[in-house]
Amino acid sequence: MDKLAMTEAIMAKKAEKGLTWEGIANEIGCSPVWLTSACLGMNSASSEKAAAIAEYLELSCEVAEALTAFPTKVWDQVVPTDPLVYRLYEIMGVYGGTLKEVIQEKFGDGIMSAIDFTMEVDKVEDPKGDRVVLTMSGKFLPYKSW
C-alpha cells in the first residue's frame, strides 16, 4: 500500500467513526499535529505507533506498514490554493525574511530544524473572533566553517 492509499483509508475510517485528530492522538499517546502529519503521509511512524494507529482505527496491517514507510516530502503546487494553507504560505512570504533576521540576530548564522521540531495548534476564544495560536519549536542548527 502506498502513502496515498493509506491516507485515503485513514480519512475514510476517521470520518466513518466521527473521530478527531486530537481524540485519536490522546488515545494513542502522541501529538495531534504529528499524528495528522503522519496520517497525511508527510512523516513516518515507528512500528509501535503505526500498529497503535491502525489498531485504534480498525485498519489493516498494510496501513500500519505504510505508516512506517519513509515519506517523500513534496507539494503538488508551487503556490497552494487551499485558503488556509495559502495564508500560511503568505505569512512566510511576508514575514519569512523578518523571521530569518530575528532568529539569526538572536542565535547566529544558522537555521531552525524542521526535523528536531514540534508544533502545537491551540484555540483562544476572543469576543472579536477566535484566535489560532501556532507554536513552533525547532532546534537551532548553526552553520559551520571548515
Participant: Which pair of non-hydrogen atoms, one from Gly41 and one from Pro71, has the smallest distance, and what is that distance?
Facilitator: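 That closest heavy-atom pairing would be O-CB, 3.1 Å.
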Participant: Can you tell me how far the CG atom of Asn26 sits from the CH2 atom of Trp21, to the nearest 0.5 Å?
Facilitator: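 It is 13.5 Å, given to the nearest 0.5 Å.
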Participant: So, do Asp126 and Val124 sit near enough that their side-chain heavy atoms are less than 4.5 Å apart?
Facilitator: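 The answer is no, as the side chains (C-beta and beyond) never meet within the 4.5 Å cut-off.
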Participant: Is the number of heavy atoms from other residues, nucleotides or ligands within 6.0 Å of NZ (Lys17) greater than 12?
Facilitator: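 Enclosed: over 12 neighbouring heavy atoms sit under 6.0 Å from NZ of Lys17.
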Participant: Mind checking the CD1-NZ spacing from Ile53 to Lys13? Nearest 0.5 Å is all I need.
Facilitator: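 Reported to 0.5 Å precision, the distance equals 15.0 Å.
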Participant: Would you indicate whether Tyr95, at its atom OH, is surrounded by more than 12 heavy atoms from other residues, nucleotides or ligands within a distance under 6.0 Å?
Facilitator: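 Not buried by this count: 12 neighbours or fewer within 6.0 Å.
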Participant: Is the shortest side-chain heavy-atom distance between Met136 and Phe117 below 4.5 Å?
Facilitator: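 Side chain of Met136 against side chain of Phe117, heavy atoms only: contact under 4.5 Å found.
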Participant: CH2 of Trp34 to CE of Met119: how many Å apart, nearest 0.5 Å?
Facilitator: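 Answer rounded to 0.5 Å: 13.5 Å.
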Participant: Are any non-hydrogen side-chain atoms of Met92 and Leu99 less than 4.5 angstrom apart?
Facilitator: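 Of all side-chain heavy-atom pairs linking Leu99 with Met92, at least one is under 4.5 Å.
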Participant: Please say yes or no: joined through hydrophobic side-chain contacts below 4.5 Å, possibly via intermediate residues, are Val33 and Ile24 part of one cluster?
Facilitator: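 As far as the 4.5 Å side-chain criterion goes, Ile24 and Val33 are not connected within one cluster.
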Participant: Verify the neighbour count for atom CD of Glu105: are there more than 12 heavy atoms of other residues, nucleotides or ligands below 6.0 Å?
Facilitator: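 Atom CD in Glu105 is not crowded, with 12 or fewer foreign heavy atoms closer than 6.0 Å.
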Participant: Distance from Met42 atom CE to Lys73 atom NZ, nearest 0.5 Å?
Facilitator: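 Met42 CE to Lys73 NZ: 6.5 Å, rounded to 0.5 Å.
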Participant: What is the minimum heavy-atom distance between Thr98 and Val94, and which atoms define it?
Facilitator: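 Shortest heavy-atom contact: OG1-O, 4.4 Å.
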Participant: So, do Leu67 and Ile10 sit near enough that their side-chain heavy atoms are less than 4.5 Å apart?
Facilitator: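 When only atoms from C-beta onward are counted, Ile10 and Leu67 do touch, with a gap below 4.5 Å.
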Participant: side-chain contact (heavy atoms from CB on, under 4.5 Å), that's the test. Do Lys123 and Val132 meet it? Break it down for me.
Facilitator: CA-CA 5 Å; Lys123 176 181 178 180; Val132 176; over 6 Å; no
Participant: For Lys139 and Ser113, indicate whether the former's side chain and the latter's backbone hold a donor-acceptor pair under 3.5 Å.
Facilitator: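 Not confirmed, Lys139 side chain does not pair with Ser113 backbone.
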Participant: Are the side chains of Thr81 and Tyr86 in contact, using a 4.5 Å heavy-atom criterion?
Facilitator: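 Sidechains of Thr81 and Tyr86: no contact.
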Participant: To the nearest 0.5 Å, tell me how far Lys14 NZ sits from Cys39 SG.
Facilitator: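 Here the interatomic distance stands at 9.5 Å.
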Participant: Do the non-hydrogen side-chain atoms of Glu120 and Leu134 ever get within less than 4.5 Å of each other?
Facilitator: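 Result no, sub-4.5 Å side-chain heavy-atom pair not found.
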Participant: Counting neighbours of CD on Gln104 that are heavy atoms of other residues, nucleotides or ligands and sit closer than 6.0 Å, is the number greater than 12?
Facilitator: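 Enclosed.
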Participant: If you look at every heavy atom in Ala69 and Ser44, which pair is closest and at what distance?
Facilitator: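 Closest approach of Ala69 to Ser44, heavy atoms only: O-CB, 3.3 Å.
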Participant: Is the backbone N or O of Lys3 less than 3.5 Å from a side-chain atom of Thr7, with the two atoms forming a donor-acceptor pair by type?
Facilitator: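 Yes, because the side chain of Thr7 sits within donor-acceptor range (under 3.5 Å) of the backbone of Lys3.
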Participant: Can you name the closest pair of heavy atoms from Ala50 and Ala64 and give their distance?
Facilitator: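 Here Ala50 and Ala64 meet closest at CB-O, 3.3 Å.
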Participant: Taking the side chain from Lys49 and the backbone from Gly29, do they hold a donor-acceptor pair closer than 3.5 Å?
Facilitator: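 Side chain of Lys49 to backbone of Gly29: a pair is present.
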Participant: Linking I/L/V/M/F/W/Y whenever any side-chain heavy atoms sit under 4.5 Å apart, do Met1 and Met11 land together?
Facilitator: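 In one cluster with Met1: Met11, yes.
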Participant: Quick one: are Leu19 and Leu57 in side-chain contact, heavy atoms under 4.5 Å?
Facilitator: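 Yes. Closest side-chain heavy atoms under 4.5 Å.
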Participant: With a 4.5 Å heavy-atom cut-off, do Ile111 and Tyr143 have their side chains touching?
Facilitator: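 A side-chain contact under 4.5 Å exists here.
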Participant: Just how far is it from atom CG of Leu35 to atom CD1 of Ile28, taken to the nearest 0.5 Å?
Facilitator: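 So the CG of Leu35 and the CD1 of Ile28 are separated by 5.0 Å.
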Participant: If you draw a 6.0 Å radius around CD in Glu22, do more than 12 non-hydrogen atoms from other residues or ligands fall strictly inside?
Facilitator: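 No, because the 6.0 Å sphere around CD of Glu22 holds 12 heavy atoms or fewer from other groups.
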